[in-house]
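Only one structure is covered here, and it is reproduced in the block below.
Scope of the values below: all heavy atoms of this structure, side chains included, with no hydrogens, waters or symmetry mates. Proteins get letters first, then strands, A, B, ... in listed order; numbering begins at 1 in each. Model, not experiment: these values are computed from the prediction.
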Protein chains: 2
Amino acid sequence: MDTAGDALFRPVRTGNAFEETVERLLQAIRLGVVPPGERLPAERELAARLGVSRVTLREALHALQEAGFVESRRGRYGGTFISASLPVGGGPVPPPSVGSLEDALTLRTALEAGAAEAAAARVLSGYDRDHLRARLAECESAELTDYRRKDSRLHLAIAEVTGSASLTSAVADVRMRLNELLDGIPLLPRNIEHSNQQHAVIVAAVLDGDPAAARSAMTEHLDGTAALLRGFLS
Amino acid sequence: MDTAGDALFRPVRTGNAFEETVERLLQAIRLGVVPPGERLPAERELAARLGVSRVTLREALHALQEAGFVESRRGRYGGTFISASLPVGGGPVPPPSVGSLEDALTLRTALEAGAAEAAAARVLSGYDRDHLRARLAECESAELTDYRRKDSRLHLAIAEVTGSASLTSAVADVRMRLNELLDGIPLLPRNIEHSNQQHAVIVAAVLDGDPAAARSAMTEHLDGTAALLRGFLS
DNA sequence: GTTTAATGGGTCAGTATCAGTCCATTGAAG
DNA sequence: CTTCAATGGACTGATACTGACCCATTAAAC
């Protein structure tokens, strides 16, 4: 029962509805799923999709508004928009134990390498192929301050074209966990350049329909940032 | 935003606290993490670990009791025990869409193949090695009615020795989703025998510290049941 | 026997969350 | 300039969940 019990008897809810809602919205913003300037779905629709009451959603939106992440406009054709300039990092993160870092890295490798392989094994629609190419291009032309978001968006796109929504959510979750840690370490142009080369190889392998190549390229890419994280956080 | 939005704006809570608690406990029972006859943690402790009030936990336990999954005894050295003979399947499952089946299968392959690889890449403690061997043996000597539980327990053990609690939880979750579907298809001795051979290969590769072999053996194993599921549910 | 510690059984007031309803604002369309 | 539909803003009563109690029961330990 021991270790499996630890995993199964973990908390059923990680916080109250308000906190979880804020977390989700931050996920969408920080991972670049809805970019600066764009509109979120209307409150009524968003509340329904998040499975939360509109009151709770609005509390979450207010919190994000006060923190400067979103701005709301009333009236028809109004809505809640992502701020053009996002606030910088969400404050100092609690020192992550080595254990929790390894936990997240292990999960990430499984999910993202699996996603790359699965994506390459599928026959992709033209839409999917364009999506991948667009995210790759965005990543290559990203400003330094934008890079993490564009990078996340590309990785998420690879999970998306897998066709598995569960896999996509899981990738988004683990990336949020790791991004918090990554915010604590410097972003070197040298590393970005290297990342972009690897990204190109990964996307090419996926588009070519070469699962083994996609997996190994992704694994290599992930090992790079994993080493970086281990180095800076120890 | 499209597909990524679908994944990110999914419901924050899949049900009320009561339902989620029942689900978790069923997970522990159905996956064989706490076997028939054994005791669950005391209500106060379990409620704390599940992050739920004791009232809610007790409601969940009562529901499971009425359904015949557990029995409670009062007094010191009492507790809530898993029934020696568990009720059969949880009623007719809603017809799973092909999409949701593929969704779960894709996620499972990523998680479990990744887990096998990660497990083989670690230096395992003696305890871990024994754990794996014990679960494998249990699986090989399982009765037909016990097989699914013992099988799940083994797969979970492989995730456990990875050392990543998140990965373990994720494997448990996706297995629960698939077990519901597997309950709808017959369990042939012929298949069991084949499964056990594959299990032996997987565990051997993990114990030998051969990640590539562990991954490929696990992939092959999973592909087998995936084909079975696709065949019966279409 | 008596004691005692650990357990399940149950109650209650406070808080969080929800579903439903109506209001206020906006800008496009007529 | 009026109308209208879609949006954010705000309130209310009902319900779910919690945290903190205290009680009842049991079997080992003394």
Practice item. Please tell me which of the listed nucleotides, C:dG8, D:dC17, D:dG8, lies nearest to the side chain of B:R58? Key: C:dG8
Point to revise | Residues A:E102, A:R230: salt bridge by 4.0 Å N-O rule | key: yes
Point to revise | Salt bridge present between A:R24 and A:E20 (N-O < 4.0 angstrom) | key: no
Check your understanding: Is a side-chain donor-acceptor pair under 3.5 Å present for A:S166 with B:R177?
Key -> yes
Practice item. Ignoring the backbone of B:V55, work out which of C:dG20, D:dG9, D:dA20 is nearest its side chain. Key: D:dA20
Practice item. Taking only the side-chain nitrogens and oxygens of A:T80, find out if one of them lies under 4.0 Å from OP1 or OP2 of D:dG8. Key: yes
**Study point:** Residue met sooner reading DNA chain C from 5', once A:G51 and B:A42 are mapped to nucleotides
**Key:** B:A42
Review point. Between atom CD in B:E43 and atom P in D:dC23, what is the gap in whole Å?
Key: 18 Å
Check your understanding: Any salt bridge between B:E160 and B:R153, counting N to O under 4.0 Å?
Key -> yes
Practice item. Kindly point out which of C:dC18, D:dC17, D:dC21 is positioned nearest to the side chain of A:S53? Key: C:dC18
Exercise for review: For the side chain of A:R74, starting at C-beta, report the closest nucleotide among D:dA28, C:dA24, D:dT7.
Suggested key: C:dA24
**Study point:** B:R73 side chain near D:dT26 phosphate (N/O to OP1/OP2, under 4.0 Å)
**Key:** no
Check your understanding: C:dT17 P sits how many Å from B:N16 CG, rounded?
Key -> 14 Å
Practice item. Report the nucleotide, chosen from C:dT17, D:dC17, D:dG8, that has the shortest atom-to-atom distance to any side-chain atom of A:R44. Key: D:dG8
Review point. In whole angstroms, how far is the P atom of C:dT17 from the CG atom of A:L50?
Key: 14 Å
Exercise for review: Indicate, yes or no, whether a donor-acceptor pair under 3.5 Å links the base of C:dA28 to the side chain of A:R76.
Suggested key: no
Practice item. Look at A:D151 together with A:R135 and state whether they make a salt bridge at an N to O cut-off of under 4.0 Å. Key: no
Review point. Do any side-chain nitrogens or oxygens of A:S72 fall under 4.0 Å of OP1 or OP2 in D:dT7?
Key: no
Exercise for review: Using a cut-off of strictly less than 4.0 Å, decide whether A:R54 has a side-chain nitrogen or oxygen near OP1 or OP2 of D:dA10.
Suggested key: no
